[in-house]
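Structure, as structure tokens:
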Amino acid sequence: MIIGGRELTSRLIIGTGKYRSYEEMRSAHTASGAEMVTVAVRRVPLDRSSESFLDHLDPSLQILPNTAGCYSAEDAIRTARLAREALQTDLVKLEVIGDQTTLFPDNEQTLEAARVLVKEGFVVLPYFNDDLIMAKKLLDAGCAAIMPLAAPIGSGMGVQNPANLRIMREQLPEATIIVDAGVGTASDAAVAMELGADAVLMNTAIAEAKDPAKMATAMKLAIQAGRLAYVAGRMPRRLYASASSPLEGVVK
């Protein structure tokens with residue numbers, strides 16, 4: 001998978017929040033096999049004035065700053081600029097939240113911010129509702145990938161609208177689609193990949209597991225299995241049985 005000219009062999013992108021300790025975070029990151037980690041810019045001292053998870057990240061991980069906590073295009077743009085200056089990367093996971101209760105994104109503000117950031121040379125990965133038309137608009141604006149949600153952030157409900165993701169994959173065959181938010185367990189990740197997603201970004205499902213490292217391993221394997229199943233092409237669904245052993249040539 002290639003994002004903004006960066007080649008990744010892992011299709012799992014992980015987060016840094018909600019872990020009970022830095023040690024748990026490190027062990028989960030290692031177990032996941034992920035090569036990219038997202039960091040909430042507004043929730044960490046970028047000047048390294050105090051200890052944070054930035055001090056405990058594997059230096060080999062590609063940092064993907066995100067604009068979590070922003071509620072307007074203007075705020076998200078300002079946060080992305082701050083991240084580029086502090087972390088020396090043009091990557092940004094663009095989040096503009098529209099509702100404090102559901103944390104659903106504001107698609108219009110997201111699009112507005114994406115257009116500005118792309119013009120400024122950012123590699124923009126926008127988080128948005130699973131809407132095909134908005135996906136097209138974000139890609140037309142120059143976003144490097146699109147990140148439709150599976151379910152509300154941190155809900156663990158899994159893919160709620162599989163038809164939307166399937167349609168998005170069929171209509172946008174060349175786009176990089178990263179399912180973001182709502183994954184709860186390994187089967188959720190596998191379903192997202194079987195629907196044609198190129199990758200899955202998750203945080204809570206791993207961080208809030210009883211054993212984050214084991215869950216990270218499960219997620220890694222689920223994503224690999226889901227991707228293989230998608231590429232292999234599943235058998236057609238049938239209403240009635242179809243014998244595994246054909247009747248032709250049966251001895252009578």
Go through it in stages, so that I can follow the logic: the residues are Arg6 and Glu35, the test is salt bridge (charged side-chain N to carboxylate O under 4.0 Å, His left out), and I'd like the CA-CA distance, side-chain angles, deciding distance and then a yes or no. CA-CA 11 Å; Arg6 298 161 175 83; Glu35 298 162 295; over 6 Å; no
Using 0.5 Å steps for rounding, measure from the OH atom of Tyr71 to the CD atom of Gln100.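 Between atom OH of Tyr71 and atom CD of Gln100 there are 4.5 Å.
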Roughly how far, to the nearest 0.5 Å, is the CZ atom of Arg11 from the CG atom of Leu201?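 Rounded to the nearest 0.5 Å, the CG-CZ separation comes to 14.5 Å.
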Within a strict 4.5 Å, meaning less than it, do heavy atoms of the [X] and [Y] side chains meet?
X: Leu94; Y: Leu125; result: no
X: Tyr127; Y: Ile97; result: yes
X: Met147; Y: Ile177; result: no
X: Gln62; Y: Thr89; result: yes
X: Pro148; Y: Leu165; result: yes
X: Met202; Y: Met219; result: yes

Run the side chain to side chain contact (heavy atoms under 4.5 Å, CB included) test on Leu8 and Ile2 for me, step by step, so that the C-alpha distance in whole Å, both residues' side-chain angles and the decisive distance to 0.1 Å come before the verdict. CA-CA 6 Å; Leu8 303 172; Ile2 297 176; over 6 Å; no
Full working for side chain to side chain contact (heavy atoms under 4.5 Å, CB included) between Leu172 and Leu139: CA-CA 10 Å; Leu172 305 170; Leu139 290 169; 3.9 Å; yes
Under the 3.5 angstrom rule, does the side chain of Asn203 hit a backbone N or O of Gly17 as a donor-acceptor pair?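 At least one qualifying donor-acceptor pair exists.
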Between Asn164 and Asp130 (side chain of the first, backbone of the second, donor and acceptor by atom type, cut-off under 3.5 Å), is there such a pair?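 At least one qualifying donor-acceptor pair exists.
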Full working for side chain to side chain contact (heavy atoms under 4.5 Å, CB included) between His29 and Met25: CA-CA 6 Å; His29 286 182; Met25 182 188 75; 3.4 Å; yes
Derivation and outcome, side chain to side chain donor-acceptor pair (under 3.5 Å), residues Thr102 and Asp99: CA-CA 6 Å; Thr102 64; Asp99 179 71; 2.8 Å; yes
Using the rule given for side chain to side chain donor-acceptor pair (under 3.5 Å), can you reason through Asp198 versus Thr176, listing the C-alpha separation, both sets of side-chain angles and the distance that settles it, and then say yes or no? CA-CA 6 Å; Asp198 293 286; Thr176 298; 4.8 Å; no
